[in-house]
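Some notes on the structure that comes next.
Side chains are part of it too, since the values below use all heavy atoms of this structure and drop only hydrogens, waters and symmetry mates.
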Amino acid sequence: MIEKTYNPKGIEEKWYDFWNKKGYFHADSKSDKPPFCIVIPPPNVTGSLHIGHALDVTLQDILIRWKRMSGFNTLWLPGTDHAGIATQNVVEKELKKQGLDRHKLGREEFVKKVWEWKEQYGGRIIHQLKSLGASCDWSRERFTLDKGLSIAVKEVFVRLHKEGLVYRGDYIINWCPQCRTALSDLEVDHEEKKGKLYYIKYQFADDSGHVVVATTRPETLLGDTAVAVNPEDKRYKGILGKILKLPLLGREIPVIADEFVDISFGTGAVKVTPAHDPNDFEIAGRHGLPFIKIMTGEGKMTMEAGPYYGQERFECREKVLKDLEAADLLLKVDEHTLSLGYCYRCKTIVEPYLSKQWFVKMKPLAERAISAVKDGRVKIIPSGWINSYLDWMENIKDWCISRQIWWGHRIPVWYCKDMRSTECKVQNGIIVSAEIPEACPHCGAGASALVQDEDVLDTWFSSALWPFSTLGWPDETEDLRTFYPTNVLITGFDILFFWVARMIMMGLKFMNKVPFNHTYIHALIRADSGQKMSKSKGNVVDPLEMTDIYGTDSFRFTLTAFAAQGRDIKFSEKRVEGYRHFINKIWNAARFVLVNLGKDEEIAPVKDSLYLSLADKWILSRFSSVASEVNKSLEEYRFNDSANLLYQFVWHEFCDWYLEMTKPALYGKDENSKKAAVDTLVHVFEATLGLLHPFIPFVTEELWQYLPIGNRTESLCIRRFPTKADGIEDKDAEYKMGLIMDAVSGIRNIRGELNLPPSLELNVTIKTPDKTTDILNENISYISKLAKTANIEIGHDVRKPEDAAVSIKPGMEIFVPLKGLFNVEAEVKRLNKEINKIEGAL
RNA sequence: GCGGGUGUAGCUCAGCUGGUAGAGCACAACCUUGACAAGGUUGGGGUCGCGGGUUCGAAUCCCGUCGCCCGCUCCA
C-alpha cells in the first residue's frame with residue numbers, strides 16, 4: 001500500500017528519466033500524425049530559471065502533453081540564446097574580479113573565455129527546465145551560436161543587404177558609455193526623473209543683444225552649430241540669419257528657422273547640437289549644418305570641447321554651468337521633469353551619439369507583418385495586445401543591428417583597404433559575404449587587404465530567425481517541411497516587440513509564411529507587493545526552491561491556476577501550499593480506489609453495466625462534461641479555467657460527493673452493484689488522471705501505474721487524452737443529484753422539522769411555489785437555476801413563467817431519494833447535539 | 001500627450017455570453033466516521049471603488065468620476 005501522504009522526492013526524477021529514455025518526447029518528422037510544434041523562447045544560456053520561465057515552460061508543457069496525448073506528432077524544440085550584451089557583461093564583471101579586462105585579453109582570448117563560461121554554466125538552465133518536467137525533444141536542442149544557426153544569420157544578412165534592406169550609415173543612435181556599444185531603441189528603458197531646465201543667453205556676434213535658449217543638457221552647447229526658431233514665431237522674425245557667439249567657446253553660429261521648433265515650449269528658441277541629439281541631427285540635415293562631436297564613446301569630452309577636453313560628461317556639465325554663471329550667461333534654472341534613457345543591461349544613462357552603424361530598413365518588412373495580424377494569419381491571444389502590436393509596427397523605425405561588443409554573430413562584412421577600382425570606390429570597399437572572401441570582388445585586392453567589420457549583430461537578430469533557423473533553414477529539411485509554421489508561441493509581453501514582432505517579419509520574409517499561427521501572451525509575475533521581481537529588490541521567488549518544498553506538480557498547478565489571461569500575477573506562496581494539499585487529495589483518493597479493489601480484479605468497461613447507481617451515472621456524466629470543458633478551455637488557452645475545473649471536479653464532486661455516495665454499494669452485499677461501483681470508480685479515476693496529466697505529470701504517472709486497466713500503454717503520458725466520450729452524458733442523473741445536493745446542504749435550515757430515521761435513507765420533498773405569480777415575483781432566479789440544471793431551455797423573457805414551467809409546474813412535488821449518504825447519521829447526531837445545546841441554553 | 005489594465009471577504013485572486021456573490025490562505029466551533037488532520041462538517045466576515053443609466057433583475061452591459069498600475073511617445 002502506498003504512503004499516506006504524497007512525497008515527490010525521487011518520483012519526479014524517476015519518471016522524467018523514464019519518459020526521456022523511452023523517447024516519448026522525440027518528434028518524428030516522417031510521422032503520419034498531424035504535427036504540433038512549439039519552439040521554446042530561448043532563455044539566456046548562462047542564466048538561471050526565474051519564475052517567468054517557470055510559467056512559460058509550464059504552459060507550453062501543458063499544451064505539448066495535451067496534444068501528444070491527443071494523437072499529435074508533437075515537437076517542442078528547446079534551446080538557448082547567447083544573449084550578447086548580457087552575457088558579455090557578466091563575463092567582464094568576472095574578469096574584473098581577477099583584475100583583467102577584455103581589452104587586455106584581446107578579442108580572441110576574450111571570446112574564448114566567454115565560451116568557457118558558457119560551457120561551465122550553459123547546462124544549468126537546461127537542467128532546470130527538465131526539473132520542471134518540460135517534455136522537450138532534447139535531440140533537437142539548439143543554441144543561437146550553433147553552426148547551423150550562424151549560417152542562417154549570415155544568409156539573412158546577405159540577402160537583406162542584396163535587397164537594400166540592410167544598410168550602413170552615420171546616424172544618431174543610443175549609446176551606452178558603460179557597455180561602449182550602440183543600443184536599439186528597444187534596449188533603452190525610459191524613466192521619469194526630476195531634472196532642471198537651464199536658460200542660457202546666446203549673445204549676438206555684433207553685440208546687439210542676446211537670445212535665450214533652454215536646455216536640460218547644458219554641456220552639449222559645446223557642440224552647437226545653430227540656434228533654431230519656428231518660422232512662424234513673431235518674436236524672432238527679425239533675427240533670422242543673424243550670427244550668434246557660442247557661450248564659453250565663442251564659435252560663431254547662425255540663427256535658423258525650422259518648423260520642428262515648438263513655439264510654446266521654453267523660450268521658443270532651440271540650440272541645435274547635430275551630433276548629440278536625434279532631432280537636431282535631422283534639423284542639421286535639412287539645413288546643411290556641420291556636425292561637431294564633443295564626446296567620445298566613453299562619455300568623455302573631445303578636443304572639440306576646448307577647455308573641457310578629457311572631462312567626464314557629467315563633470316563637464318557642472319563645470320559648464322559654473323562658467324556660464326561666472327560669465328553671467330545663465331539666466332535662470334527651472335525645475336523640470338524629464339524622462340531619461342537608461343541602458344537596459346547596465347542602467348547607465350544612455351547618450352544620443354553619432355556613429356556609423358548597420359541598420360535594417362523596417363517599413364517593407366513591417367507591412368506584411370501588419371497584415372498578417374490584421375487578417376488573422378497570426379492570432380494574438382489575448383487580443384488586447386493587437387493594438388500595441390499594430391501601433392508599434394505602424395510607427396516602426398529602422399533597427400540598429402550593430403553592436404560594438406565581441407560576443408555574438410560577427411557581421412559578415414569586409415572592407416577593402418586598397419579600393420583599386422572605381423567600382424570598389426563606389427561600393428566604399430564594402431564586401432558583404434556569407435563566406436570569408438579570398439579577394440575583393442570589386443577590385444581583386446588580395447585577402448591581406450580585407451578587414452572584417454569589428455562589430456557583432458544585435459542578439460535579437462538571431463532570435464528573430466529562431467522558428468525556422470532551428471528547423472534547419474536555409475536547407476530544406478524534413479523538419480522544416482513538417483513543422484513550419486509552428487502552431488503556437490508562448491511568451492511574456494515584455495518581448496512582444498523585441499522578439500515576437502521581429503519573428504513575424506523575418507518569417508514572412510524568408511519562409512513566406514508566418515512563423516506561428518497563434519501567439520499566447522501570458523502575464524508577468526510580480527512579487528506579492530505588486531512590484532516587478534528583481535534581484536536588487538530582493539523579492540525574487542526562486543522556482544527551484546518552490547519545487548523543492550512543495551513539489552513540481554503543486555508549483556506547476558499553482559502557476560496554471562494563476563494564469564488568467566491578460567493581467568499581471570501577484571505570486572503568493574500560500575497558494576502553492578494550498579495546491580499541494582490538492583495533490584495530496586488526489587493521492588488519497590487513489591488510496592481509496594486501491595483499497596476497494598480486489599487483487600487482480602478485472603475492470604470491465606462501465607458502459608456495459610446495468611447496475612449503475614445514481615451516483616455512478618452522475619459522476620460519469622460529470623466526467624463527460626468536465627472532459628469536454630477541459631479540452632475546450634485548453635483549445636482557447638484558458639489555462640486557469642481548465643485548472644479550476646479540474647480542482648472543482650476532483651475535490652468537490654469526485655471526492656466530496658461521489659466517494660461518499662458509492663460507499664454503500666462498495667460495502668454492500670449486492671455483488672452486481674458492487675462490481676458496477678468498482679468499475680465506475682476505477683474507470684473515472686483513471687480517466688481523471690489522464691485529464692490531470694498535462695498539468696501535474698509526475699504524481700499522475702506514479703498513481704496510474706497502480707491501476708489495473710486493461711490494454712494499457714506503458715505510460716500515462718502517451719495514453720489517449722480523455723474526451724467527453726470517456727464518460728456517459730446523463731442529464732437526468734445530474735439533475736437529480738443537483739436536487740440531492742441542494743437538499744443536503746439545506747438540512748441545517750430545516751432541522752427543526754427534520755426527523756431522520758436511523759437508517760441511511762430518507763426522502764426529501766421539494767415543493768415548488770403554488771402560484772404562478774409567486775414564481776414571477778420571487779423565484780424567477782430559482783426557476784432559472786433549476787431549469788439550467790435540468791437543461792431545460794427557458795425563453796429569453798422569463799417574465800412569461802409558462803415558458804419556464806415546461807417541466808416544473810407550480811405546486812408540483814419532486815421526491816428525491818436521499819439514499820446512502822454515508823455520513824448522514826453522524827451529521828444528524830451532531831445536529832441534534834447542537835440543538836440540545838441551544839435548547840439547554842434557553 | 002496616446003493607449004491599455006485594474007479596484008470583489010482580513011490577505012492573494014477567480015467570476016465566460018447579466019439570473020440568489022466564489023476559491024486558497026487566515027479566523028471560530030465541532031468531529032480522529034475504514035482514502036485523506038496536507039482531512040471532514042458547519043459558521044463568521046463582502047453597500048462587488050463611487051455616482052448615474054439600460055433591465056423584471058447588473059460584480060457582469062453603457063456613461064461619468066475617484067484611486068492604483070503598466071506600456072508607448074515627445075519635451076529643447
Need to verify one output field. Residue with the more 5' nearest nucleotide on RNA chain B, Asn588(A) or Tyr647(A)? Tyr647(A)
If the condition is side-chain hydrogen bond (donor to acceptor under 3.5 Å, both in side chains), which residues does Arg580(A) pass it with, not counting sequence neighbours? none
By ring pair (Phe, Tyr, Trp, His ring centres under 6.0 Å), which residues pair with Tyr550(A), not counting sequence neighbours? none
Counterpart residues, ring pair (Phe, Tyr, Trp, His ring centres under 6.0 Å), relative to Tyr342(A) (two or more places apart): none
Enter syn or anti for the glycosidic conformation of G34(B), syn applying to angles within 90° of 0. syn
C13(B) and A9(B), which share atom name P, separated by this distance in whole Å: 11 Å
Does the C36(B) base have a donor-acceptor partner in the side chain of Lys585(A) within less than 3.5 Å? yes
Check every atom of A38(B), A35(B), U12(B) against the side chain of Arg575(A) and return the nucleotide holding the closest atom. U12(B)
Listed by chain and number, what are the ring pair (Phe, Tyr, Trp, His ring centres under 6.0 Å) partners of Phe555(A), not counting sequence neighbours? none
Quick one: does Ile200(A)'s side chain get under 4.5 Å of Thr215(A)'s, heavy atoms only? yes
If I take atom CD1 in residue Ile583(A) and atom P in nucleotide C36(B), what distance separates them, rounded to the nearest angstrom? 19 Å
Using both pair distances under 3.5 Å as the test, note the stems of at least 3 consecutive Watson-Crick or G-U pairs that include RNA chain B. B:1-7 with B:66-72, B:10-13 with B:22-25, B:27-31 with B:39-43, B:49-53 with B:61-65
Quick one: list whatever passes salt bridge (Lys or Arg N to Asp or Glu O under 4.0 Å) with Asp233(A), sequence neighbours left out. Arg235(A)
Could you check how far CH2 of Trp385(A) sits from C1' of G5(B), rounded to whole Å? 9 Å
